There are 2 protein chains.
Amino acid sequence: MTREDILDLFAERGVKVTPQRLEVAAILLEKPQHLSADQIIDRLRGSGSRVSKATVYNTLNLFGERGIAREVKVDPIRRIYDSTRGHHYHFFNVDTGELQDIPADDLELGRQPDLPEGTEPLGVDIVIRVKNRRN
Amino acid sequence: MTREDILDLFAERGVKVTPQRLEVAAILLEKPQHLSADQIIDRLRGSGSRVSKATVYNTLNLFGERGIAREVKVDPIRRIYDSTRGHHYHFFNVDTGELQDIPADDLELGRQPDLPEGTEPLGVDIVIRVKNRRN
DNA sequence: ATGATGCTTAGACGAAGTCTAACGCCGCCC
DNA sequence: GGGCGGCGTTAGACTTCGTCTAAGCATCAT
Ligand SMILES: [Mn+2]
Ligand SMILES: [Mn+2]
Ligand SMILES: [Zn+2]
Ligand SMILES: [Zn+2]
């Protein structure tokens with residue numbers, strides 16, 4: 001994702017541009033990937049950036065709310081942010097901790113249950129847990 | 001679930017019986033429900049029990065490993081334990097934090113993707129996120 | 001008895017994320 | 001230009017959830 005794309009996306013989602021937000025976006029949205037806040041901070045530090053921890057967390061929360069990144073719930077000990085915004089699912093390898101995308105078309109959802117009374121849908125999260133085959 | 005059922009389940013899963021494990025099981029496995037460690041500790045304290053925090057966490061980890069309870073990954077800030085061991089899925093109401101079971105039969109999974117090379121399946125977690133309808 | 005093993009415990013510790021209060025930056029008004 | 005308000009950023013304190021440590025206990029085998 002180019003700098004131009006990022007600026008367009010910010011505009012589209014009503015997110016004001018700041019140097020720090022651009023730095024975080026440049027790392028996370030560079031390519032399809034799944035990163036924790038800590039990994040993003042490490043990469044920022046590695047490239048000499050001084051964006052504070054508080055700002056990284058604020059920014060990731062903002063990106064989540066505005067649909068600039070997706071939060072993936074697989075591991076209760078840390079939040080993972082996903083640069084792929086479109087509809088898709090995940091494999092989670094419990095041995096390696098690795099997350100892998102499943103394109104929406106590769107997984108069909110048959111019958112779906114009625115929603116609870118008085119609620120409306122937000123989305124469907126599917127995680128297929130796998131482990132390494134030992135033989 | 002009766003005390004007898006719990007003892008049978010422990011035996012079946014190779015879990016040694018201790019008074020503390022029985023107390024935790026009595027609370028969690030009483031009925032179909034979803035509880036955090038903290039809620040379990042509160043209920044133990046409320047009924048005058050003195051089981052330590054460390055033991056509650058150790059016990060819940062053990063229950064998870066041995067399939068005596070299920071860990072539901074829905075909220076990255078705390079672990080939720082599910083007394084329903086069978087195959088089923090969940091609604092998660094983001095407004096209330098409420099988790100609601102979806103029986104396996106109510107949700108059909110059509111085509112499933114090929115697993116990543118060298119891995120074998122552990123299970124499929126599905127969470128349908130919903131919010132309260134406001135109007 | 002003695003020792004080994006495994007469970008429980010209080011409280012220290014660690015990791016992830018949030019909050020606070022000060023500070024900087026920018027646009028607006030005069 | 002100077003002052004003001006609003007928002008974003010910052011360091012570091014703080015909170016929360018969970019794990020670890022080291023001591024104490026129980027049970028079992030010899
Ligand atoms: Mn790191
Ligand atoms: Mn509580
Ligand atoms: Zn993804
Ligand atoms: Zn359930």
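Worth saying up front: this structure is predicted, and the values here are computed from it rather than measured. Lettering of chains follows the sequences in order, A, B, ..., and the numbering in each one begins at 1.
Counting to the nearest Å, the C1' atom of C/dC7 and the CG atom of B/L60 are 15 Å from each other. Between the P atom of D/dT19 and the CG atom of A/D75 lies a distance of 11 Å, rounded to the nearest Å. Going from atom CZ of A/R21 over to atom C1' of C/dC25 covers 13 Å, rounded to whole Å. To the nearest angstrom, P of D/dT16 lies 13 Å from CG of B/D42. In this structure, A/Q20 places its CD atom 14 Å from C1' of C/dC26, rounding to the nearest Å. Here D/dT16 presents its C1' atom at 15 Å from CD of B/Q39, a figure rounded to the nearest Å. A/L62 places its CG atom 9 Å from the P atom of D/dT9, with the value rounded to the nearest Å.
Under the salt bridge (charged side-chain N to carboxylate O under 4.0 Å, His left out) criterion, no residue pair touches residues 11-22 of chain B, with sequence neighbours excluded.
Cluster note: A/I77 groups with no other residue, as no ILVMFWY side-chain heavy atom lies under 4.5 Å from it.
If you check D/dT10, C/dT9, C/dT8 against the side chain of B/V51, the one that comes closest is C/dT9. With distances taken from any side-chain atom of A/K16 to the nucleotides C/dC7, C/dT9, D/dC7, the minimum falls on D/dC7. Side-chain proximity of A/T55 to D/dT10, C/dT8, D/dG8: nearest is D/dT10.
Looking only at atom types and distance, the side chain of A/H88 has no donor-acceptor partner in the side chain of A/D106 under 3.5 Å away. Between A/S83 and A/Q33, the side chains place no donor N or O within less than 3.5 Å of an acceptor N or O (distance only, hydrogens not considered). Of the N and O atoms on the side chains of B/D101 and B/H34, at least one donor lies less than 3.5 Å from an acceptor on the other residue.
A/I80 is not listed as a side-chain neighbour of A/L35, based on a closest heavy-atom distance of 4.5 Å or more.
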Please write out the pairs of protein N or O atoms and N or O atoms of nucleotides 15-19 of chain C separated by less than 3.5 Å, giving the distance to one decimal.
from	atom 1	to	atom 2	distance (Å)
C/dG17	OP1	A/R79	N	2.7
C/dG17	OP2	A/Y57	OH	2.8
C/dG17	O6	A/K53	NZ	3.1
C/dT18	OP2	A/N61	ND2	3.3
C/dT18	O4	A/K53	NZ	3.1

